[in-house]
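To start, the structure under review is shown below, and the notes come after it.
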2 protein chains.
Amino acid sequence: MTTTNSTDAPSRPRGRPAAFDREAALQQALLVFWSHGYEGASMAELTAAMNMNKPSIYAAFGNKEELFRHALHAYTARTGSFIGKALEATSARQVVDQLLNAAAAMLTDPSHPQGCMIVQTALACGAACTEIREELTSYRQRMRQALQQRFERAQAEGDLPADAVPADLARYVAAIHQGMSVQASSGASREELQALVHVVLQQWPSR
Amino acid sequence: MTTTNSTDAPSRPRGRPAAFDREAALQQALLVFWSHGYEGASMAELTAAMNMNKPSIYAAFGNKEELFRHALHAYTARTGSFIGKALEATSARQVVDQLLNAAAAMLTDPSHPQGCMIVQTALACGAACTEIREELTSYRQRMRQALQQRFERAQAEGDLPADAVPADLARYVAAIHQGMSVQASSGASREELQALVHVVLQQWPSR
DNA sequence: TTATTTATTTACCGATTGGTAATTAAATAA
DNA sequence: TTATTTAATTACCAATCGGTAAATAAATAA
């Protein structure tokens with residue numbers, strides 16, 4: 001049991017108070033990484049966007065690689081929250097509908113860079129960011145596995161044809177999602193992506 | 001009419017002969033850009049792979065940006081040749097079949113980096129490679145437009161349902177192709193991608 | 001041979017990269 | 001006040017970045 005102050009009111013820490021808002025600074029870092037990629041984002045640009053000087057950033061978040069991980073965590077918690085919600089829909093078809101239409105909206109939202117951070121920021125990179133690249137790859141694989149499990153459940157519930165292969169359908173939907181991300185980063189509009197999703201849903205098995 | 005040597009036999013040029021094979025050197029540069037991206041590929045790594053020192057590279061190909069364009073041209077001419085062939089297939093369904101199955105094979109070919117160079121090498125990057133990024137984007141758009149025109153022709157030939165929208169189908173197939181590229185670079189096997197393509201073909205309209 | 005032309009080699013350039021040591025500023029505790 | 005603790009600022013580091021000037025090597029032309 002550590003020694004704390006007598007009341008439950010939070011006591012101020014000892015030294016000089018931080019001048020930056022941690023969440024706000026992280027959000028700015030996120031935007032820089034999102035638009036320029038891991039190695040395309042320089043510490044100079046990050047310091048400018050976060051309105052912090054380098055030693056403060058390193059003290060608060062570690063080095064560039066750890067800063068990226070913090071930003072990535074903020075991304076999945078905030079921007080990527082629609083994925084978990086879509087997986088809770090009541091049928092496989094509704095999962096795909098909600099997932100891809102929410103993605104069409106998010107990927108083209110003008111309030112942040114276009115496309116998906118997890119697809120864009122380190123698809124190919126130099127030797128210095130191999131770990132980051134692999135981390136993003138495992139993120140994508142986890143999403144695909146979550147889709148596969150959801151489709152397996154759907155099939156067990158008679159929600160998908162018996163001859164459908166959940167693993168293949170999951171890979172298919174994941175590819176659509178990733179392709180939409182590429183096209184969003186190339187300037188595709190929300191309406192264009194929604195038309196794409198419409199094609200997917202029209203052809204979705206056994207509706 | 002310029003002055004040439006008297007016979008048709010090619011006369012040797014005046015100065016010291018180049019010690020490198022231009023096409024082979026370009027192929028090595030292509031492999032480096034393909035696996036590490038435009039800004040992830042350093043001139044040091046390129047010189048090592050091409051077995052040329054920097055001044056020779058600059059004399060032969062221009063700067064890094066122009067070298068990338070030369071490599072990109074070699075890529076589209078060699079590796080990307082299957083796209084043009086697929087577009088000549090006799091039906092829309094066969095176009096998609098040939099295009100995506102050939103892509104599944106190419107994207108996972110162990111003799112070169114996994115995935116598509118045009119998707120991978122500059123999706124997000126720093127300010128220094130904006131032009132490269134836009135050039136790759138326009139490559140992807142040209143492929144999508146070619147698909148759209150092919151589907152328009154298919155529809156006119158009764159090869160696609162009257163209510164199908166060629167532009168949307170083209171965007172759909174392009175997204176599949178791009179998503180396959182992302183997954184190939186993440187380690188998906190040829191068989192896994194072929195299973196994905198099977199899902200697409202099973203659901204292709206009006207077969 | 002000598003002159004000319006082109007390629008390769010070596011050494012180097014300024015700028016930028018990610019990262020830090022040392023100092024100064026602002027808060028609390030005694 | 002004085003000591004202590006933490007943050008912000010300034011200045012700086014070695015390494016690497018893309019790119020090049022100058023010198024040397026290897027070919028042909030005369």
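All figures in this text were calculated on a predicted structure; none of them were measured in a lab.
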* Among residues 15-26 of chain B, which residues get a heavy atom nearer than 4.0 Å to DNA chain C? -> B:Gly15, B:Arg16, B:Pro17, B:Ala18, B:Ala19, B:Phe20

* Between B:Lys64 and B:Tyr58, is NZ or CZ placed under 6.0 angstrom from the six-membered ring centre and within 45° of the ring axis? -> no

* To do: Could you check how far CD1 of A:Ile57 sits from C1' of D:dA7, rounded to whole Å?
  => 14 Å

* Asked: Could you give all pairs that pass the salt bridge (charged side-chain N to carboxylate O under 4.0 Å, His left out) test and reach residues 112-131 of chain A, with sequence neighbours left out?
  -> A:Arg69-A:Glu131

* Asked: Between C:dA7 and B:Ser56, is there an OP1 or OP2 to side-chain N/O distance shorter than 4.0 Å?
  -> no

* To do: Could you pull out all residues at least two apart from B:Glu192 that satisfy salt bridge (charged side-chain N to carboxylate O under 4.0 Å, His left out)?
  => A:Arg171

* Asked: How many Å lie between CG on B:Asn53 and C1' on D:dT20, as a whole number?
  -> 13 Å

* Count the heavy atoms belonging to other residues, nucleotides or ligands that lie under 6.0 Å from CG of B:Asn51, then report whether that count exceeds 12. => no

* Asked: Between B:Met50 (CE) and C:dA7 (P), how many Å, whole number?
  -> 14 Å

* Indicate yes or no: at least one non-hydrogen side-chain atom of A:His177 is less than 4.5 angstrom from one of A:Arg144. => no

* Sequence neighbours left out, what passes salt bridge (charged side-chain N to carboxylate O under 4.0 Å, His left out) with B:Glu23? Give chain and number order. => B:Arg78

* To do: Evaluate the ring planes of B:His112 and B:Trp34, with Trp represented by its six-membered ring, and classify them as parallel (under 30°), tilted (30 to 60°) or perpendicular (over 60°).
  => parallel

* Asked: Under a 3.5 Å cut-off for both distances, is D:dA30 Watson-Crick or wobble paired, and to whom?
  -> C:dT1

* To do: If a protein heavy atom is under 4.0 Å from the base, mark B; if only from the sugar-phosphate, S; if neither, -; do that for nucleotides 11-18 of chain D going 5' to 3'.
  => ------SB

* **With A:Glu66 via salt bridge (charged side-chain N to carboxylate O under 4.0 Å, His left out) - residues at least two apart** => none

